[in-house]
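Atoms within a ligand are numbered from 1 in the order they appear, just like the ligands themselves.
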Amino acid sequence: MVKRIRRALMPVFGWWAIMSRKTKYVFILAILVAAIVVTWGRAGITKDDMERLRREELSSQIREALEPLEKRLGNLEKGDMSKADTHSSEDSKYPKVKFLMEKDRKRILVTGGAGFVGSHLVDRLMMDGHEVVVMDNFFTGRKRNVEHWIGHENFELLNHDVVEPLYIEVDQIYHLASPASPPHYMYNPIKTIKTNTIGTLNMLGLAKRVNGRFLLASTSEVYGDPEVHPQNEE
Ligand SMILES: O=c1ccn([C@@H]2O[C@H](COP(=O)(O)OP(=O)(O)O[C@H]3OC[C@@H](O)[C@H](O)[C@H]3O)[C@@H](O)[C@H]2O)c(=O)[nH]1
């Protein structure tokens, strides 16, 4: 093996032996210079490349972050307020909502907002551009009635029993939380009475504290078994 290597290197050593001393120096110097240039050049390019890549990545991240803001600004400049709201753009997964200026936008609590009447009221208030807080204990209400708003920046869902006090900041309260149909309000009559007394008192207290407007809905059950449809208010 050693013999084979020696034989392979023979031509090189042969050349080396017949070279003058000066040529040898020049040869060694040339190899050294070449090695320095290659190493230095490689190190320089790698550093520069890394820096350039880092800068390119950073500017593409900034461009990505700015794009929706620029789009929104463009819409604002064009006066298209409906598209200025990110959630009202065509590709939004939510129903279209109006854009309301901060001074016109109300924060509204709907108790029983996951129920039949409540969820339709919630749709209307959301589409009008308000902030809506739904509070429901899901006795008869269902999350699916309001699920199309879950995650929207104007929407909040609280699983809370109105019999317990609630401390939040709102401008208006629609108080609809109560078992509505006879099988439901007779299921636990004492709880129904508590909901309609203590619950209503809690919501009145909240309205008083925040100086907010208050609406209490009754039920068509108060008419008994009506003989005419639709029922009039007399
Ligand atoms: O203690 C309670 C009791 C009830 N609730 C909630 O209050 C809401 C009441 O809504 P319901 O859907 O039961 O009653 P609603 O009055 O909205 O509609 C009802 O009356 C009109 C009919 O046409 C509907 O079919 C019927 O559901 C429910 O979401 C229920 O979970 C509370 O949050 N707390």
Quick one: nearest non-hydrogen protein atom to atom 17 (O) of ligand 1, plus distance?
-> V117 N, 2.8 Å
Among all protein heavy atoms, pick the one closest to atom 10 (O) of ligand 1 and tell me residue, atom and distance.
-> G115 CA, 3.4 Å
Within 4.0 Å of some non-hydrogen atom of G112, the atoms of ligand 1 are 6 (C), 7 (O), 8 (C), 29 (O)
Atoms of ligand 1 under 4.0 Å from any heavy atom of P179, numbered from 1 in the order shown, are 3 (C), 4 (C)
Region of T195 that comes within reach of ligand 1 [heavy atoms, distance under 4.0 Å] | side chain
Nearest-0.5 Å distance, CG of residue L157 to NE2 of residue H152 | 14.5 Å
Looking only at non-hydrogen atoms, which of G118, S220, S178 approaches atom 9 (C) of ligand 1 most closely?
-> S178
Judged by modelled atom types alone, do D123 and W149 share a side-chain donor-acceptor pair under 3.5 Å?
-> yes
Any idea which of V110, T140, N137, T111 brings a heavy atom closest to atom 11 (P) of ligand 1?
-> T140
Are D136 and ligand 1 in contact, using a heavy-atom cut-off of under 4.0 Å?
-> yes
Ligand-residue contact atoms, ligand 1 with A180, heavy atoms, under 4.0 Å = 14 (O), 16 (O), 19 (C)
Exam field: side chain T111 to backbone L176, donor-acceptor pair closer than 3.5 Å | yes
Mark yes or no for whether R209, through its side chain, and I168, through its backbone, hold a donor-acceptor pair below 3.5 Å.
-> yes
In this structure, are over 12 heavy atoms from other groups packed under 6.0 Å from Q61 atom CD?
-> yes
Atoms of ligand 1 under 4.0 Å from any heavy atom of F138, numbered from 1 in the order shown, are 31 (O)
State whether D104 and K98 are salt-bridged, where the test is any N-O pair (Lys NZ or Arg NE/NH1/NH2 against Asp/Glu carboxylate O) under 4.0 Å.
-> no
Enter the distance from F139:CZ to N188:CG here, rounded to the nearest 0.5 Å.
-> 7.5 Å
Kindly compute the distance separating CE (M135) from CG (N159), expressed to the nearest 0.5 Å.
-> 9.5 Å
Among E57, E56, E51, whose side-chain hydrogen bond (donor to acceptor under 3.5 Å, both in side chains) with R54 holds?
-> E51
Please confirm whether G113 comes within less than 3.5 Å of ligand 1 when only nitrogen or oxygen atoms on both sides are compared.
-> no
Does at least one non-hydrogen atom of S181 fall below 4.0 angstrom from an atom of ligand 1?
-> no
Find all atoms of ligand 1 within a distance of less than 4.0 Å from any non-hydrogen atom belonging to G141, and give their numbers and elements.
-> 28 (C), 29 (O), 30 (C), 31 (O)
Which residue supplies the protein heavy atom nearest to atom 21 (C) of ligand 1, what is that atom called, and how far is it?
-> F116 CD2, 4.2 Å
